[in-house]
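The structure under discussion appears below in the form of structure tokens.
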Amino acid sequence: MTDTLPPIRRIVTGHTVDGRSCILADGPSPAVKTVDARPGYRVTNLWRTVSGAGYDAPDSIAEHQGVLPPSGGTVVRIIEWPAEPDDPVELRRRMDATFSAMYPDAHREPGGGEHPGMHRTQTVDYAIVLEGEVVAILEEGETVMRQGDVLIQRATNHAWANRSGKPVQVAFVLVDPGVI
């Protein structure tokens, strides 16, 4: 993995007017977000489903805001982030900037001594490490995840730490409880 990763390729299928399967879109996602105060942090939102919209609903990912999926829906994204700084003040500044700019809908209350990225979402999340290494931090323990590892996060208070010295890339699928 290099310091500058290429855009994520998004391929969307659908149907022709005759009902035959086809590729409707093939290229970078129209919903890529970065945070100026956190160089190297990139979120590529790829697709979302909205409750009751059906599988043939129009692409609405460019409208997506925040971390949570729509009520009764899902969202899939790939997040890439650089290694954390060693300075705890700088780490907190970057986490504060990220959450205020991108994820104001995440319930965030890091306690004393906890990672400043600690947050909770009322969703079931599937986190799949695509490249690199990341630490999944919970209130009681943590574990290192490497390429191919999958974490099922069930509305728990959690944070992600990149202590590897290299960028990491993780795919996330967030599912609203109304879907379950």
Side-chain angles (χ1 to χ4, degrees), residues 1-51 53-85 94-106 117 119 121 123-134 136 145-153 159-162 164-176 179:
M1 181 185 284
T2 64
D3 288 335
T4 305
L5 296 168
I8 304 296
R9 181 179 175 201
R10 182 183 81 138
I11 303 162
V12 180
T13 66
H15 297 96
T16 66
V17 294
D18 299 331
R20 296 181 50 80
S21 63
C22 66
I23 294 173
L24 297 175
D26 185 347
S29 173
V32 178
K33 300 178 181 192
T34 60
V35 177
D36 290 339
R38 196 172 176 193
Y41 185 82
R42 178 173 68 179
V43 176
T44 303
N45 287 317
L46 296 162
W47 194 259
R48 73 179 190 163
T49 59
V50 179
S51 179
Y55 64 84
D56 236 4
D59 185 358
S60 65
I61 196 61
E63 301 164 21
H64 190 77
Q65 298 295 316
V67 69
L68 298 174
S71 179
T74 65
V75 66
V76 61
R77 64 175 51 103
I78 295 176
I79 301 179
E80 300 151 12
W81 63 97
E84 288 186 351
R94 290 183 187 186
M95 291 297 122
D96 289 347
T98 301
F99 279 89
S100 65
M102 299 182 82
Y103 308 128
D105 55 342
H119 66 286
T121 54
T123 54
V124 173
D125 307 342
Y126 306 105
I128 306 143
V129 179
L130 301 176
E131 199 164 340
E133 180 180 295
V134 67
M145 295 176 61
R146 294 179 181 86
Q147 185 176 5
D149 290 345
V150 179
L151 180 131
I152 294 90
Q153 193 283 121
W160 303 99
N162 181 352
S164 71
K166 299 175 185 172
V168 65
Q169 187 178 62
V170 181
F172 292 90
V173 179
L174 282 72
V175 181
D176 183 79
V179 174

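Excluded from the calculations below are hydrogen atoms, water molecules and symmetry mates; all remaining heavy atoms, backbone and side chain alike, are included. This chain uses plain numbering: 1 for the first residue, then up along the sequence.
- Residues forming a salt bridge (charged side-chain N to carboxylate O under 4.0 Å, His left out) with E133 (at least two apart in sequence, or on another chain): R146.
- Between the side chains of E131 and Q147, no donor-acceptor pair is found at a separation under 3.5 Å.
- Between P70 and H64 the shortest side-chain heavy-atom distance falls below 4.5 Å.
- The side-chain hydrogen bond (donor to acceptor under 3.5 Å, both in side chains) test applied to D96 returns R108, not counting sequence neighbours.
- The side-chain contact (heavy atoms from CB on, under 4.5 Å) check on L68 picks up D105, T121, T123, with sequence neighbours excluded.
- Distance check: N45 CG to M102 CE gives 7.0 Å after rounding to the nearest 0.5 Å.
- Smallest separation of non-hydrogen atoms from V170 and W81: CG2-CH2, 3.9 Å.
- Listed by first then second residue, pairs satisfying salt bridge (Lys or Arg N to Asp or Glu O under 4.0 Å) with a partner in residues 56-76 read R10-D59, R48-E63, not counting sequence neighbours.
- The minimum heavy-atom distance between Y126 and I152, with the atom names listed, is CD2-CG1, 3.8 Å.
- Heavy atoms only, all atoms of each residue included: S51 and S71 are closest at CB-O, 3.4 Å.
- Residues passing the side-chain contact (heavy atoms from CB on, under 4.5 Å) test with A53, sequence neighbours excluded: V50, A57.
- Scored by the side-chain hydrogen bond (donor to acceptor under 3.5 Å, both in side chains) test, S164 finds N162 as partners (sequence neighbours excluded).
- Side-chain atoms of P30 and I61, non-hydrogen and from C-beta on, do get closer than 4.5 Å to each other.
- Pairs passing the side-chain hydrogen bond (donor to acceptor under 3.5 Å, both in side chains) check and including a residue from residues 19-32, sequence neighbours excluded, read R9-D26.
- Remark: Y41 engages no residue in a ring pair (Phe, Tyr, Trp, His ring centres under 6.0 Å) (not counting sequence neighbours).
- How far CG of L46 is from CD1 of I11: 11.0 Å, rounded to the nearest 0.5 Å.
- Considering all non-hydrogen atoms of both residues, L151 and A136 come closest at CD1-CB, 3.7 Å.
- Nearest heavy atoms, V175 versus P69: C-CG, 4.2 Å.
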Between R77 and V67, does the side-chain contact (heavy atoms from CB on, under 4.5 Å) criterion hold? Intermediate values first, please.
CA-CA 10 Å; R77 64 175 51 103; V67 69; 3.7 Å; yes

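- Residues forming a ring pair (Phe, Tyr, Trp, His ring centres under 6.0 Å) with H119 (at least two apart in sequence, or on another chain): F99, H158.
- Residues forming a side-chain contact (heavy atoms from CB on, under 4.5 Å) with A159 (at least two apart in sequence, or on another chain): H115, M118, I137.
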E80 vs L130, test: side-chain contact (heavy atoms from CB on, under 4.5 Å). Steps then yes/no.
CA-CA 10 Å; E80 300 151 12; L130 301 176; over 6 Å; no

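- Every side-chain contact (heavy atoms from CB on, under 4.5 Å) that R94 has, sequence neighbours left out, goes to R38, P85, E90.
- The OG1 atom of T74 sits 11.5 Å away from the CG atom of D125 when rounded to the nearest 0.5 Å.
- Contact record, E84 with A161: OE2-CA, 3.1 Å, taken as the closest heavy-atom pair.
- Here the CE-CH2 distance, from M145 to W160, works out to 5.0 Å after rounding to the nearest 0.5 Å.
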